[in-house]
Every structure is written in structure tokens, then in C-alpha cells.
Amino acid sequence: MTNAVQAYSYAGPSTLSEGHLGLSTSGGRTATGFLDHPRFFSGLLTQAAPAAAGLLAVADVALARYHRPQPGFTRDPVVTCGGDRLRFESFSACGGVYSRLDVLGPALDGEVFDRGTTNVDVNNPLREALARVGGRDPLHVGVGPDELTVTTLDGAVVEKKVPLPARWLRGFAEVQVIAAGFDLRAELPGPQAVRFLRGLPKRAAAEVWAIPAGRELRVSDRQAPGGVHLAGVGRLATMTPLLRFAKALRVYGPADGSGSSAWELELPGMRYTLALSPQAWRGFSGEGAVLDDLSGDEVADDADLVGVLLNFEPTLELGLLAERSGLSPERVRAALTQLGTAGRVGYDLAEAAHFHRELPYDRDHVAALNPRLTSARALVAAGTVRLIGPDSAEVTTDGGVRSVGLEAGSCTCPWWYDHRGSRGPCKHVLAARILARETAETPGPETPGPETPGPETAVISQALPTQEPSR
């Protein structure tokens, strides 16, 4: 898969001078429309040192390649202003680590000019300046060009062009879907959090489990009930400079203790979160968690409808979106997944809620970013899928007939035997589920429809044209 080229164009470089942090912005979508250099906020960061260290940590993740480290390209973090907070996000170059710094209301004292999302310039001189910020004195920050900045730039335009891997967009989508299924597995107060993180194995590639033990977390080399998987302890390295500010550590993961994990460090007035893929060599882009939600024919239309209702809210309420859109909560959730694939939705573990942002990247090729889904639809269109029971199907391929269990997501193909559902459904399972939905939603000529359509049936019949089953 080829990489797109992302062009950053800044009115000038970001600077930190005489207590003023000026963050230059590139083009981005805001509540008032698309702007070349949006201005979001001007005021004080009431906790300067943790904010500077947190921003530097997010920028460091964007540069890092944790699997097979090697020099990479500079990719600038993304910032979203949600009115009462600033969110800085990035992905590692290897696609296996997602980072976010949420600077919340208690740490901000100033004026919000607009809401939206853009890239911010983080250059090497700024990195060096951020690393020198000490103490807890307030720091004035401007996100976007102010009048003083504009008059002193003298036309010093900064342009950067870097490859933007398609796996970044896929990774942003996968993270929000996977994180939405996490539970809080452990919470440690500051001193215990520091002791645990400093006590992790020094070998960066070490693979361990964090096991709750009373008010502590112990490290084990094998899985245990309630534990959280941590593959590649070196991927938590950007938390180390933040430990002197730590108030608490929260650890999230799936109930079975396997797969991905998320580590959230509470700082004064802010939170720093790292989400890690199941293995250091695996990026989030291949997990396949979004594929079922994207496979429905109505999802794109639902996403268009729900997308109109978004306005850079700091948190999105599923029930409220369902009420405003007239869709069921399940269809709203699938629509949010589609919007996430386009970079428009993230997930906040601390608040157990989605949030709206608009990644400043090309989002016109969602299907191309998910080749498994494209292959599944091609199998259905070719008539190679046959439903043989309420929970089973057969898919004819060049390699033979594949037997599919729809609910369990099982298949007899080699890909399923290799991954056993740990990386989402295979193309045969997706194809069978697509056909099962089409058959259920569009009765054949000899199949009577439901006697009394319910509200959900009515919504679907209005959203989708009547079709013959694809068989």
C-alpha cells in the first residue's frame, strides 16, 4: 500500500521564548470552516512543567519506531480544541503506539477563539526549549498565530512534506474501537505508580503481565486472571519524564488479559495516555476491529447523518446522538466507527466516551484502507457465498470451500487458523455476515415480510433501496 504525502504549511515556526509558548498551526477544519492557520486558544497553562513534558512526550512518540528502531520522518502532533480542553495526539512511526495528552480545564486559563483540529509544528529548537521548562509556574500559550506572532514572522513560512502511511488512519480507527472495549483493570496512586513503572524490566523488548495485587501491581512473566498484557516495556518510555508529576496510574485492557492495553498517567490538570498494540512488531492498523461495523451497507449513510451532528464536543453521548439522528444506538456506534476510520472520532478511556476531531488528512479512501472488507464484498458480489443455516455458511474459493460460523466468527481458512479471531474476522466471515444481513433485511419473492414492522425495520427500509438477495 503506497503512502500519501502530507504537507504541513505553517506561518512560522513554533517557539518558546520569555515565558510564551507559541504553537504554529497548519491547515485544519474548525467549527467555523476550514482555515489555513486556525487560532484556537490564548492564555495560561497553569501547570507549565507537566504540560511542556507531556507535549514533548507526544512529539517523541511521533518520531519513535519501537520495532526495529531506525531514523524516520518528522510527523507533527495533532491538536484538537474541544472548548474546555486541548488534546494532543500522535502515532509512532511503527504504528504500534498511540499517545495523547489531554490538557483539561483546570490547567487552562484563557480565551478559546475556535474549536477544531490541526497539526502543530514541533521543531528541534522547540523540543530543546520544552525540555528546559521547570517548576510549576504558569506559562503563556497560544495555539495558532496571534497578532504579535504575525507581525514578527517577516514571511518566515515553514513547509514540511512527509510520507503519511495509510496505516496511521487505520490505526486511529482501530484504537478507538479497541479502547471502547477495555475495562479499568488497576489504579495506583502516585507513589505506587512511580514504584511500579520504575521497577519494570530494563530490557525494552521484555514481555510481561501486570497483575493487580491489592493496591499494587506486580510483574509476572505469565498471564494470570485480571492481568494486563504489556509487550515491549520500552514502549512506555515516554512516561518516565512525567513520573515526577504523577498523581495516579490507571491501566486498561480486555477482560481476558490478552491483546492490547492502555496506560493513563494522571498529571496536575491533565492526562497522558499510551495505547499499545498486542506485540511490539504489530501495528494497530492490522487488528481488524472495525471491519464488522464497516461492513453494513447503511453504515456510510448513517455516518454522513451522524457526522453532521458533530461539533467538536469534548465528549459524545451515544444516546443523545441516537435521539437526534433517529438511529438506534447500535447503528450510531457503527457510524462512529466509520467516522473514526476517516479520522473524525477518538475515544477517551477516562470518561468512557467518544470525542470529535477532524484529522487533517485525506479521508476519501476508507474502503481502500480495509482490503479485507473489499475482498469480502467481492466474494458476495461474485455469488460465492451460500448460507446453509441460521449460523453457518460456505464460501467457495480457489483454495476450496470454507465453512463459516457466523456468530463465533470461525472459519476453516488458513488465515483464521493462524489468528483465531485475534485480528478481527477473515474475509470469508465478513462475506457471510454481509450476505446474512442482506438476506434478513431484504426478503426474497417467496418470503413474507414481518407482520408488523418495528421502528428499526422502518428506519432501515427508508435508508436502503429494495434489492433481491445477492445469491
Side-chain angles (χ1 to χ4, degrees), residues 23 28 40-41 45 47 50-64 66 75-105 107-108 115-120 122 130 143 168-180 182 184 235-239 241-242 245-253 260-277 283-284 312-316 340 343-361:
L23 293 174
F40 290 141
F41 177 82
L45 287 174
Q47 297 287 341
L55 177 57
L56 186 57
V58 172
D60 285 345
V61 169
L63 285 180
Y66 295 95
R75 296 182 178 93
D76 288 333
V78 172
V79 63
T80 298
C81 180
D84 66 344
R85 68 195 64 189
L86 296 172
R87 299 185 191 269
F88 297 88
E89 299 177 90
S90 72
F91 243 95
S92 64
C94 58
V97 177
Y98 163 80
S99 70
R100 189 176 74 245
L101 175 69
D102 297 320
V103 184
L104 307 173
L108 295 172
R115 291 171 295 164
T117 309
T118 186
N119 288 103
V120 289
V122 179
L130 288 172
V143 182
W168 268 40
L169 277 181
R170 292 173 61 187
F172 271 109
E174 296 286 346
V175 165
Q176 62 95 9
V177 175
I178 293 171
F182 282 175
L184 177 63
R235 297 193 290 171
L236 294 181
T238 53
M239 282 190 167
L242 301 173
F245 310 112
K247 299 176 66 177
L249 172 69
R250 300 181 187 92
V251 184
Y252 303 83
S260 305
S261 61
W263 305 74
E264 177 187 281
L265 206 58
E266 183 182 344
L267 308 169
M270 59 200 78
R271 296 189 295 263
Y272 179 69
T273 304
L274 290 174
L276 310 182
S277 63
F284 278 106
F312 295 102
E313 299 89 342
T315 59
L316 301 177
R344 302 185 63 191
V345 169
Y347 190 80
D348 189 323
L349 283 159
E351 303 195 18
H354 292 85
F355 62 88
H356 178 207
R357 55 123 142 83
E358 297 273 351
L359 292 184
Y361 307 141

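Remember, predicted model here, so these are calculated numbers, not experimental data.
In this structure, R115 has no side-chain hydrogen bond (donor to acceptor under 3.5 Å, both in side chains) partners at least two apart in sequence or on a different chain. By the ring pair (Phe, Tyr, Trp, His ring centres under 6.0 Å) test, F182 pairs with no residue at all, sequence neighbours left out. A237 is linked by a side chain to side chain contact (heavy atoms under 4.5 Å, CB included) to nothing, counting only residues two or more places apart in sequence or in another chain. Taking A107 as the reference, T46, V103, M270 meet the side chain to side chain contact (heavy atoms under 4.5 Å, CB included) condition, with sequence neighbours excluded. R87 is linked by a side-chain hydrogen bond (donor to acceptor under 3.5 Å, both in side chains) to D102, D348, counting only residues two or more places apart in sequence or in another chain. For A246, the side chain to side chain contact (heavy atoms under 4.5 Å, CB included) partners are V194, L265, not counting sequence neighbours. Qualifying side chain to side chain contact (heavy atoms under 4.5 Å, CB included) partners for T273, counting only residues two or more places apart in sequence or in other chains: R100, E264. Not a single ring pair (Phe, Tyr, Trp, His ring centres under 6.0 Å) links F40 to another residue, sequence neighbours left out. Every residue was checked against the salt bridge (charged side-chain N to carboxylate O under 4.0 Å, His left out) condition with E313, not counting sequence neighbours, and none meets it.
For the atom pair OH (Y252) and CG (L184), the distance works out to 5.0 Å, reported to the nearest 0.5 Å. Put simply, OG on S261 and CG on L236 are 7.5 Å apart, with the number rounded to the nearest 0.5 Å. In this structure, the separation between CZ on R357 and CD on E89 is 4.0 Å, given to the nearest 0.5 Å.
A perpendicular orientation is assigned to the rings of Y347 and H354, their planes being inclined by more than 60° (bins at 30° and 60°).
Looking at R344 and E358, a side-chain N of the basic residue comes within less than 4.0 Å of a carboxylate O on the acidic one, giving a salt bridge.
Between V251 and W263, the closest side-chain pair of non-hydrogen atoms falls below 4.5 Å. A heavy-atom distance below 4.5 Å is found between the side chains of L242 and L267. Annotation: side chain of V122 is not in contact with side chain of V58 (no heavy-atom distance under 4.5 Å). When side chains are defined from C-beta on, Y66 does not count as touching L276, because their heavy atoms never get closer than 4.5 Å. Contact of the L104 side chain with the D84 side chain is not registered, since no non-hydrogen atoms from C-beta on lie closer than 4.5 Å. Side-chain atoms of L45 and L108, non-hydrogen and from C-beta on, do get closer than 4.5 Å to each other. Using a 4.5 Å cut-off on side-chain heavy atoms (C-beta onward), C81 and F312 make no contact.
Between the side chain of T238 and the main chain of A57, no donor-acceptor pair closer than 3.5 Å is present. Side-chain atoms of N119 come within 3.5 Å of backbone atoms of D76 as a donor-acceptor pair (strictly under, hydrogens ignored). Although no hydrogens or angles enter the test, the distance criterion places no donor-acceptor pair under 3.5 Å between the side chain of R75 and the main chain of S90.
Residue A275 comes nearest to V175 through the heavy atom pair CB-CG1, 4.4 Å, listed as atom of the first residue, atom of the second, then distance. Contact detail for A262 and L349: the closest heavy-atom pair is CB-CD1, 3.3 Å. Looking at every heavy atom in both residues, G82 comes nearest to P314 through O-CD, 3.4 Å. Closest approach of S99 and Y272 over heavy atoms only: CB-OH, 3.9 Å.
Residue pairs meeting the salt bridge (Lys or Arg N to Asp or Glu O under 4.0 Å) criterion with at least one member in residues 54-63, sequence neighbours excluded: D60-R127.
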- Item | Criterion side chain to side chain contact (heavy atoms under 4.5 Å, CB included) on V79 and L23, from CA distance to verdict | CA-CA 10 Å; V79 63; L23 293 174; over 6 Å; no
